Amino acid sequence: MTLTHSPARSTLLDADQLLRTTELLARDRDLLRHLDPSSPERSWHRLESTDALEVWLIGWPAGTSTGWHDHVGSRGAFRTVLGTLTESTWAGGGPRERELSEGSGRSFGAKHIHDVVNRSGSFAASIHAYAPALRGMNRYVIEQERLVLLGVDEGDSW
């Protein structure tokens, strides 16, 4: 996906507004109908997509993970709607973890690198919001206690 024009910076939602957006959407439990909890793979459903904002509902079977990635310049937020997720972030030369149980959320800036995983034994779901809309995700691996860029997933691969 290639953006035909860049949204004006003043129209982009900030991290707090993105987090509030996920909170409002998480209240609509009917959104879970878009996910198949019996799927063995992570699944996603795009709820909103404009140049300035993109919102996803993601289903997480037990043991699934995003892998280390960033959002190529987009700010973001996510909130666990069902179950528990663990987010690892890269800070100060190593990973730090935080658990996000149902109803918990967090926001992050445009340079945030993380890995999100469902370590529980049951299905989880979350809502993710990005501003501007995702152009891609840089993928990383950990080698010798450093993050190394592996490649870029373009937006049209989702």
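These numbers come from a predicted model, not from an experiment.
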Do the rings of His112 and Phe108 sit parallel, tilted or perpendicular, given the 30° and 60° boundaries? parallel
Does a donor on one side chain sit under 3.5 Å from an acceptor on the other, for Asp115 and Thr66? yes
Atom pair [atom1]/[atom2] of [X] and [Y] - distance to nearest 0.5 Å:
{"X": "His45", "Y": "Trp56", "atom1": "NE2", "atom2": "CH2", "value": "9.0 Å"}
{"X": "His114", "Y": "Arg106", "atom1": "NE2", "atom2": "CZ", "value": "8.0 Å"}
{"X": "Leu57", "Y": "Arg46", "atom1": "CG", "atom2": "CZ", "value": "13.0 Å"}
{"X": "Ser74", "Y": "Met137", "atom1": "OG", "atom2": "CE", "value": "10.5 Å"}
{"X": "Asn118", "Y": "Thr84", "atom1": "CG", "atom2": "OG1", "value": "8.0 Å"}
{"X": "Leu13", "Y": "Leu18", "atom1": "CG", "atom2": "CG", "value": "5.0 Å"}

Would you confirm whether Thr80, through its side chain, and Leu82, through its main-chain N or O, come within 3.5 Å as a donor-acceptor pair? no
Using only atom types and a distance under 3.5 Å, with no angle test, would you say the side chain of His34 pairs donor to acceptor with the backbone of Leu32? no
How is the hydrophobic cluster of [X] composed, in terms of its other members, when Ile, Leu, Val, Met, Phe, Trp and Tyr link through side-chain heavy atoms under 4.5 Å apart, directly or indirectly?
{"X": "Val152", "answer": "none"}
{"X": "Val141", "answer": "Val148, Leu150"}
{"X": "Trp68", "answer": "Trp90, Ile113, Tyr140, Ile142, Leu147, Leu149"}
{"X": "Leu19", "answer": "none"}

Provide the closest heavy-atom pair for [X] versus [Y] in the form atom of the first, atom of the second, distance.
{"X": "Ser43", "Y": "Leu35", "answer": "OG-CD2, 3.7 Å"}
{"X": "Ala62", "Y": "Ser120", "answer": "CB-O, 3.2 Å"}
{"X": "Ala129", "Y": "Leu53", "answer": "CB-CD1, 4.4 Å"}
{"X": "Ala15", "Y": "Ala77", "answer": "O-CB, 4.4 Å"}
{"X": "Gly83", "Y": "Ala124", "answer": "CA-CB, 4.2 Å"}

With sequence neighbours left out, the residues meeting salt bridge (Lys or Arg N to Asp or Glu O under 4.0 Å) with Glu99 are none
Can you name the salt bridge (Lys or Arg N to Asp or Glu O under 4.0 Å) partners of Arg98, sequence neighbours left out? Glu87
Enumerate the side chain to side chain donor-acceptor pair (under 3.5 Å) contacts for residues 12-24, please, sequence neighbours excluded, ordered by first and then second residue. Thr22-Arg79
What residues form a side-chain hydrogen bond (donor to acceptor under 3.5 Å, both in side chains) with [X], not counting sequence neighbours?
{"X": "Asn138", "value": "Asp70"}
{"X": "Arg29", "value": "none"}
{"X": "Arg119", "value": "Glu97"}

Is there a path of hydrophobic side-chain contacts, each under 4.5 Å between heavy atoms of I/L/V/M/F/W/Y residues, joining Leu134 to Trp44? yes
Run the numbers on Thr86 and Val116 for side chain to side chain contact (heavy atoms under 4.5 Å, CB included), then give the verdict. CA-CA 6 Å; Thr86 302; Val116 180; over 6 Å; no
With sequence neighbours excluded, tell me which residues meet side-chain contact (heavy atoms from CB on, under 4.5 Å) with Ser39. Asp36, Glu41
Taking only residues two or more places apart in sequence, or in another chain, which ones meet Ser126 in a side-chain contact (heavy atoms from CB on, under 4.5 Å)? Ile58, Trp60, Leu85, His128
Are side-chain heavy atoms of Ile127 and Leu31 found at a separation under 4.5 Å? yes
